[in-house]
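Structure, as structure tokens:
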Amino acid sequence: MCGIVGYIGLPEKTSQHSALDVLLEGLRRLEYRGYDSAGVATVAAGTVSTRKKSGKLANLLAEIDAAPMEAASVGIGHTRWATHGAPTDQNAHPHLADGGKLAVIHNGIIENFAQLKAKLVAAGEEFSSQTDTEVAAKLIGQYFTGSAAGDLTEAMRLASSELEGAFTLLAVHADQPDRVVASRRNSPLVVGLGEGENFLGSDVSGFIDFTREAVELEQDQVVTITTEDVAIINFDGTEAEGKRFSVNWDAAAAEKGGFGTFMEKEIHDQPKAVEDTLLGRTDASGRLVLDELRIDPEELKSISKIIVLACGTSAYAGMVAKYAIEHWVRVPVEVELSHEFRYRDPIIDDSTLIVSLSQSGETMDTLMAVRYAKEQGARTLAICNTNGSTIPRESDAVLYTHAGPEIAVASTKAFLAQITASYLLGLYMAQLRGKLFQGEIEDILADLHKIPGKIQEVLDGGDQIRELAREMAQEPSVLFLGRHVGYPVAMEGALKLKEIAYIHAEGFAAGELKHGPIALIDQGQPVFVVVPSPHGRDSLHAKVVSNIQEVRARGARTITVAEAGDADVVDYSETVFYVPETQPLLMPLLTTVPLQIFACALAAEKGYDVDQPRNLAKSVTVE
Ligand code: M6R
């Protein structure tokens with residue numbers, strides 16, 4: 001939530017790109033993190049200038065066009081997802097303090113802002129917004145003019161130590177125009193390294209156009225960037241060093257590549273996302289080697305229970321993982337929404353493996369749940385798509401998905417990559433614990449390697465799905481049914497439709513139908529059914545075919561997603577989308593795709609902003 005970017009360059013660099021260009025480019029790339037309002041502050045000729053505007057970044061650009069800013073080589077920029085205070089011009093960041101000489105932007109929630117505000121008001125500070133950010137700005141300002149004596153780094157450190165909650169703060173001051181100072185606790189921040197210039201961003205896409213060299217920061221740190229230096233200190237004042245890393249994708253990967261929306265592009269990226277996630281995971285003899293795991297294989301052998309923690313789409317990937325891992329490894333797997341987990345006194349010990357699934361690696365609910373599990377003695381493994389993000393950094397082990405940057409708020413390729421990585425984890429554990437024969441593992445891996453080509457086949461048949469989406473654009477409600485691994489796919493199909501097409505949609509376990517949801521079926525009610533492979537357990541397929549008949553008998557319009565050659569569904573479906581054949585447990589990698597295409601096309605037909613749906617943000621960094 002909220003995108004943050006900071007820049008400092010040599011003044012002569014402004015001939016190549018000015019601070020404003022860098023900030024606006026960064027905000028363009030970070031807008032997926034929040035788009036309620038946007039703003040920038042630059043420092044030039046001893047003055048801080050700001051422009052800020054509610055609504056999307058385009059509104060800020062128009063504002064800057066109308067009132068151009070002076071050329072500058074240092075500045076900060078923000079794109080907001082509102083928490084405290086409505087998304088108005090006034091509440092947009094930056095917020096000013098110290099008589100307009102200090103500008104501050106913020107991501108997160110400052111929990112003790114009310115107490116601090118009362119103290120600051122008593123000290124004579126006046127506020128012009130309802131935000132918690134302005135409280136932080138005034139506090140930094142007080143230190144800058146008081147005990148920190150004109151030292152922005154020290155003022156930031158002292159103020160940050162007083163704040164509670166989650167925050168990334170960036171500040172510039174007219175009296176110290178040679179630096180941008182930032183601090184972080186429980187909120188994302190990375191540094192980008194340039195030559196004669198340095199960058200700050202909520203994630204690397206904030207500066208990917210300018211550098212692929214980056215530095216991770218730890219918890220509770222302050223970083224000061226100048227044109228020549230990146231200096232990190234802890235909140236207690238001790239010096240620290242960040243961990244350098246190189247970004248393994250380039251700016252082009254975060255462009256639409258000829259598609260109308262990022263979501264469409266990312267749906268079409270899926271063959272590669274799965275292929276890249278599988279890449280380099282086996283040795284010459286075909287055995288799985290998960291090098292990055294960093295957990296002793298002996299420990300993985302002694303795990304007695306796995307708990308998967310995740311939110312939203314990632315949690316549905318976790319449910320698919322449960323079916324596969326329990327089947328292959330014979331270890332119990334629980335899947336829990338991260339935000340529910342730590343409030344129910346879960347039973348965890350050092351033989352519990354926590355597997356967190358997160359595209360962003362910054363989801364606060366998941367981060368907090370992982371921290372809680374660690375405190376209870378569990379081993380923690382992150383399956384994550386974002387290098388340098390907090391959850392993998394704080395986990396004992398990481399298995400990166402290689403889906404590339406996912407920009408659309410609705411997750412697509414990250415979902416398939418998470419499922420793929422979960423399969424790898426399951427197969428690896430089965431190999432370690434001798435639960436599958438090596439030949440069985442190789443067969444499953446061989447089938448996994450065929451999946452990218454099969455996803456491409458589904459994509460190639462996308463027109464049939466898009467046509468149906470156009471025809472159904474005015475439907476007020478759509479239901480999704482599935483069993484076994486088709487159940488999380490049904491819920492994912494419903495979530496996609498809710499979040500981008502604003503249509504009431506529900507995903508049910510098909511077996512639940514007769515326990516209540518069937519009462520929703522009325523004449524013409526559209527019902528998508530994710531049909532299990534007829535090559536899996538016979539009874540499962542037959543039961544779902546019966547479910548289709550049951551809803552159809554009550555007037556439903558049935559749309560089925562079935563395996564190629566499944567003739568049993570034809571008589572009971574108004575429309576069938578066939579996907580290529582694969583092992584039953586691997587089916588979600590194929591059956592999800594038509595549902596994504598459907599939601600994307602339907603939202604576009606309704607004229608909605610597919611990539612930036614209302615009220616949402618890509619990465620949920622507040623609880
Ligand atoms: O970054 P994460 O995978 O941790 O995010 C989890 C959810 O917020 C995310 O999957 C969300 O549900 C998406 N908008 C779904 O499309």
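We count ligands from 1, going down the list as the structure has it; atoms in each ligand are counted the same way.
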Mode of E362 contact toward ligand 1 - side chain, backbone, both, neither (heavy atoms, under 4.0 Å): neither
Do S411 and T313 have a side chain donor and acceptor closer than 3.5 Å? no
Return the CG to CD1 distance between L30 and I4, rounded to the nearest 0.5 Å. 9.5 Å
Any N/O pair K618/ligand 1 closer than 3.5 Å: no
Got a donor-acceptor contact below 3.5 angstrom from the Y35 side chain to the P613 backbone? yes
Does the pair E406 and K413 meet the rule for a salt bridge (charged side-chain N to carboxylate O under 4.0 Å, His left out), with working shown? CA-CA 7 Å; E406 192 179 65; K413 61 178 177 174; over 6 Å; no
For atom 8 (O) of ligand 1, what's the nearest protein heavy-atom neighbour? Residue, atom name and distance, please. V620 CG2, 4.0 Å
Students should be able to answer this: which protein heavy-atom is nearest to atom 10 (O) of ligand 1, and at what distance? T313 N, 3.2 Å
Is it true that E266 and K618 make a salt bridge, defined as a side-chain N closer than 4.0 Å to a carboxylate O? no
Taking atom 6 (C) of ligand 1 as the point of reference, which of C311, G312, A310 owns the nearest heavy atom? C311
Identify, by atom number and element, the atoms of ligand 1 in contact range of A410, meaning under 4.0 Å from any of its heavy atoms. 16 (O)
For E499, counting its heavy atoms only, list the atoms of ligand 1 lying under 4.0 Å from any of them. 13 (C), 14 (N), 15 (C), 16 (O)
Under 3.5 Å, N or O to N or O, is T366 touching ligand 1 that way? no
Heavy-atom contacts with S360 under 4.0 Å: which atoms of ligand 1 show up? List them by number with element. 1 (O), 2 (P), 4 (O)
Check whether any side-chain heavy atom of Y32 lies under 4.5 Å from a side-chain heavy atom of D611, and answer yes or no. no
Numbered in order shown, the ligand 1 atoms found under 4.0 Å of a heavy atom of K496 are 15 (C), 16 (O)
What is the nearest protein non-hydrogen atom to atom 2 (P) of ligand 1, stated with its residue, atom name and distance? T363 OG1, 3.2 Å
Considering the heavy atoms of S358, write down every atom of ligand 1 situated less than 4.0 Å from one of them. 1 (O), 2 (P), 3 (O), 4 (O)
Measuring from non-hydrogen atoms of V409 to any atom of ligand 1, is the shortest distance under 4.0 Å? yes
How about T131 and N91: does a side-chain donor come under 3.5 Å of a side-chain acceptor? no
Answer yes or no: is there a side-chain heavy-atom contact under 4.5 Å between L60 and L24? yes
Residue S411 vicinity, atoms of ligand 1 by number, heavy atom under 4.0 Å: 15 (C), 16 (O)
Please tell me if the side chains of V5 and F207 come closer than 4.5 Å, counting only heavy atoms from C-beta onward. no
